[in-house]
Amino acid sequence: MTTSDPLHVVCPHCHTTNRIRADDLASAPDCGQCHRPLFEGEPLPLDEASFDKHITRSQIPVVVDFWAPWCGPCLQMAPFFHEAAQQLEPQARLAKLDTEAHQSIAARYGIRSIPTMIVFQGGREIARTSGARGASDIVRWVRQSLG
């Protein structure tokens, strides 16, 4: 794939799949459907309806933080995950899934402890880690996972 080849990127707002040239990712592309930014440097909250679409349709890696609102370490890591999103977009999309609200997805991926982060690429899990991490550790882990 060359930098001029189009990539599929799912909009974080309307969940429409957009075709964006790889070399245009860094120039703040907007969604062709809703005209809102495709990247805002913030983790994307996922639910049952949007999870599979983002994991399987986006051709950029998606890093999902599996968390719960009652989990102290999850809450401590949240600002660091946000900071990592600012550093990693548009090379990767960072997203969050509330395991309490979406238990079937957590069960599908065998989430037994939280926070757990999984890197998905092309619809497949390519890396997983559990435990709270700081922003620099998250960024380093994602970059190493992507090779």
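By convention here, the first residue in the shown sequence is residue 1.
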When hydrophobic residues are tied together by side-chain contacts of less than 4.5 Å, even through go-betweens, does [X] share a cluster with [Y]?
X: Val142; Y: Phe80; value: yes
X: Ile138; Y: Ile126; value: yes
X: Val62; Y: Ile20; value: no

Side chains of [X] and [Y]: closer than 4.5 Å at any heavy-atom pair?
X: Gln59; Y: Val9; result: no
X: Arg140; Y: Ser136; result: yes
X: Phe51; Y: Val64; result: yes
X: Arg21; Y: Asp5; result: no
X: Trp67; Y: Lys96; result: yes
X: Pro12; Y: Arg93; result: yes
X: Ile105; Y: Thr99; result: no
X: Met117; Y: Phe81; result: yes

Contact summary for [X] and [Y], nearest pair of heavy atoms:
X: Pro90; Y: Ile60; answer: O-CD1, 3.9 Å
X: Gly41; Y: Gln86; answer: O-CG, 3.1 Å
X: Leu75; Y: Pro69; answer: CD1-O, 3.5 Å
X: Gly131; Y: Met77; answer: O-SD, 4.1 Å

Would you give the length of the straight line joining atom [atom1] of [X] to atom [atom2] of [Y], rounded to the nearest 0.5 angstrom?
X: Asp98; Y: Trp70; atom1: CG; atom2: CH2; value: 10.0 Å
X: His8; Y: Thr56; atom1: NE2; atom2: OG1; value: 11.5 Å
X: Cys11; Y: Leu38; atom1: SG; atom2: CG; value: 5.5 Å
X: His13; Y: Leu44; atom1: NE2; atom2: CG; value: 8.5 Å
X: Arg57; Y: Ser50; atom1: CZ; atom2: OG; value: 13.5 Å
X: Arg143; Y: Leu88; atom1: CZ; atom2: CG; value: 5.5 Å

Check for a donor-acceptor pair, side chain of [X] on one end and backbone N or O of [Y] on the other, with a separation under 3.5 Å.
X: Gln33; Y: Thr16; value: no
X: Lys53; Y: His15; value: yes
X: Gln144; Y: Trp141; value: no
X: Thr116; Y: Ser130; value: no

Residue of the set Ile111, Val63, Leu97 for which side chain to side chain contact (heavy atoms under 4.5 Å, CB included) holds with Ile118: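 Testing each of Ile111, Val63, Leu97 against Ile118, the sole residue satisfying side chain to side chain contact (heavy atoms under 4.5 Å, CB included) is Ile111.
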Knowing that exactly one of Pro29, Cys31, Pro6, Cys34 qualifies, which makes a side chain to side chain contact (heavy atoms under 4.5 Å, CB included) with Asn18?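 The passing option is Cys31.
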Between Ser104 and Arg108, do the side chains contain a donor N or O and an acceptor N or O under 3.5 Å apart? no
Parallel, tilted or perpendicular for Phe66 and Phe120, by the 30°/60° rule? tilted
Can Leu25 and Leu7 be said to form a side chain to side chain contact (heavy atoms under 4.5 Å, CB included), step by step? CA-CA 9 Å; Leu25 283 177; Leu7 292 173; 3.7 Å; yes
